[in-house]
Amino acid sequence: MAGITFKNVVKTYDNGVTVVPDLNLEIKDKEFVVLVGPSGCGKSTTLRMIAGLESITDGELYIGDKLMNAVAPKNRNIAMVFQNYALYPHLSVYKNMTFALELAKVPKDEMKKKVQWAAEILGLEPYLDRKPKALSGGQRQRVALGRAMVRDPEVFLLDEPLSNLDAKLRTEMRSQISKLHKRLGTTFVYVTHDQTEAMTMGDRICVMKDGIVQQFDTPQNLYDHPCNLFVAGFIGSPQMNFIDAKVKKTSTGYALCFGDAEVAADRPELASYEGKTVVLGIRPEDLHAEPQFFGKGNVIDAYIDLDEMMGSESYLYLEYAGQKMIARVPARYAKRAEENIQLAIDTETIHLFDKETEKAI
């Protein structure tokens, strides 16, 4: 078993700066967990504490049922894949992959079998005699993965491994790493600031801010039920629209009023917010330009500042009642910049947040 447990873990540097104030996190055995958040949120520090590259100031870290606070990195049975690959430039691909095995005095026949196994899975067989400088970025990243695989670790740690690759290669490597996880059946902990990577790869995602876990959940639950404004704004592309709206009591429930719009919201939890301002969250894809969505009320007439043609769809940057918004609509229904467009708001998918606490209502 190679689950990972953080119990009240604190990380404070010598200069007195605390980057992780109180971390409680449980990663299950064989799970693919992604740590995501903006730069400086503590995600890489958390990963490095698992690896033993950063000491723990306070609290307890377990891998399986073993306390790891004082265990040296080489004795933790983990493998780490770095952002810059960290390959030895003077060694061949084969030698890079066997380096740790040679230090562990693994027999040569066994080393050869392990390298051949990893090279076959990763498509590296033609490159085993090459030096890293003769490889592309994607090939170097696969070598770094192969070097980790041959060690047969209990835990794989990946620190922004795709950030140096171009967009097409990133997409290819995302699918390769996901397939690798399923094939190996090992615990993966993956750090990224890219929420697309997080959503497409993780069994569960840990969203962090200022060293604090904001929400730890499945990708679908994070998207459908964000617990606060930060998570709602961080997960989703383009990001969710946030609009200040006043809560009004109506004959059928409540309405959220901004500009000339009154968005129906049959939400009993709004009773305590009557007459107050809340934050209305609308995802760009929930602003509809298609005719079948009209006739249901909740239609706004917004001005288009900018239109971005994305192929089959367009991103429309809008202004309505002094508020900025983004709509994601099928290209055939989009209009040009400096025109007005009517958009229907899907009231079934709106999100509501307390303006003071920023927590979901």
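By convention here, the first residue in the shown sequence is residue 1. Atom set for the values below is all heavy atoms of this structure, side chains included, hydrogens, waters and symmetry mates excluded.
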Validation row: [X], [Y] side chains within 4.5 angstrom (heavy atoms):
{"X": "Y315", "Y": "P284", "answer": "no"}
{"X": "I177", "Y": "L162", "answer": "yes"}
{"X": "M309", "Y": "S314", "answer": "yes"}
{"X": "N241", "Y": "I326", "answer": "yes"}
{"X": "I350", "Y": "D286", "answer": "no"}
{"X": "I205", "Y": "D217", "answer": "no"}
{"X": "F188", "Y": "V33", "answer": "no"}
{"X": "V150", "Y": "M111", "answer": "no"}

Candidate pair D244 and Q323, rule side-chain hydrogen bond (donor to acceptor under 3.5 Å, both in side chains), full reasoning: CA-CA 8 Å; D244 286 345; Q323 308 229 36; 5.6 Å; no

May I ask you to check if [X] and [Y] form a cation-pi contact, with NZ or CZ under 6.0 angstrom from the six-membered ring centre and within 45° of the axis?
{"X": "K355", "Y": "F353", "answer": "no"}
{"X": "R204", "Y": "F32", "answer": "no"}
{"X": "K249", "Y": "Y254", "answer": "yes"}

Check this for me: N75, atom CG, are more than 12 non-hydrogen atoms of other residues, nucleotides or ligands nearer than 6.0 Å? yes

Check whether more than 12 heavy atoms from other residues, nucleotides or ligands sit under 6.0 Å from atom CG of D14, and answer yes or no. no

Could you tell me which non-hydrogen atom of [X] sits nearest to which non-hydrogen atom of [Y], and how far apart they are?
{"X": "A119", "Y": "L128", "value": "CB-CD2, 4.1 Å"}
{"X": "K43", "Y": "P38", "value": "NZ-O, 3.2 Å"}
{"X": "K114", "Y": "L101", "value": "CD-CD1, 4.0 Å"}
{"X": "A118", "Y": "M97", "value": "CB-CE, 3.8 Å"}
{"X": "R130", "Y": "A134", "value": "NH1-O, 3.6 Å"}
{"X": "G185", "Y": "K30", "value": "O-CG, 3.2 Å"}

Do the charged groups of K95 and E102 touch, with an N to O distance under 4.0 Å? yes

Basic-acidic side-chain contact under 4.0 Å: K324, E319: yes

Atom pair [atom1] ([X]) and [atom2] ([Y]), whose distance is rounded to the nearest 0.5 Å:
{"X": "L61", "Y": "I56", "atom1": "CG", "atom2": "CD1", "answer": "4.5 Å"}
{"X": "R332", "Y": "E290", "atom1": "CZ", "atom2": "CD", "answer": "7.0 Å"}
{"X": "L67", "Y": "E60", "atom1": "CG", "atom2": "CD", "answer": "5.5 Å"}
{"X": "D194", "Y": "M199", "atom1": "CG", "atom2": "CE", "answer": "11.5 Å"}

Please enumerate all residues that pass side-chain hydrogen bond (donor to acceptor under 3.5 Å, both in side chains) together with Y273, with sequence neighbours excluded. D354

Have a look at M149 and tell me which of V81, L180, T186, V115 forms a side chain to side chain contact (heavy atoms under 4.5 Å, CB included) with it. L180

Evaluate the criterion side-chain hydrogen bond (donor to acceptor under 3.5 Å, both in side chains) for residue pair D159 and S44; output intermediate values, then yes/no. CA-CA 7 Å; D159 192 4; S44 287; 3.1 Å; yes

If you measure only the distance, is there a donor-acceptor pair under 3.5 Å linking the side chains of Y85 and Q141? no

Given the rule in the side-chain hydrogen bond (donor to acceptor under 3.5 Å, both in side chains) test, do E308 and Y317 qualify, once you have shown the distances and angles that lead to the verdict? CA-CA 8 Å; E308 284 186 346; Y317 293 79; 3.3 Å; yes

Angle class for the H90/Y88 ring planes (parallel below 30°, perpendicular above 60°, tilted otherwise)? perpendicular

E197 vs R174, test: salt bridge (charged side-chain N to carboxylate O under 4.0 Å, His left out). Steps then yes/no. CA-CA 7 Å; E197 283 182 23; R174 278 206 307 264; 5.4 Å; no

Working for side-chain hydrogen bond (donor to acceptor under 3.5 Å, both in side chains), residues Q83 and S163: CA-CA 7 Å; Q83 178 180 351; S163 59; 3.0 Å; yes

Give a yes or no on whether the ring-centroid distance for F258 and Y320 is below 6.0 angstrom. yes

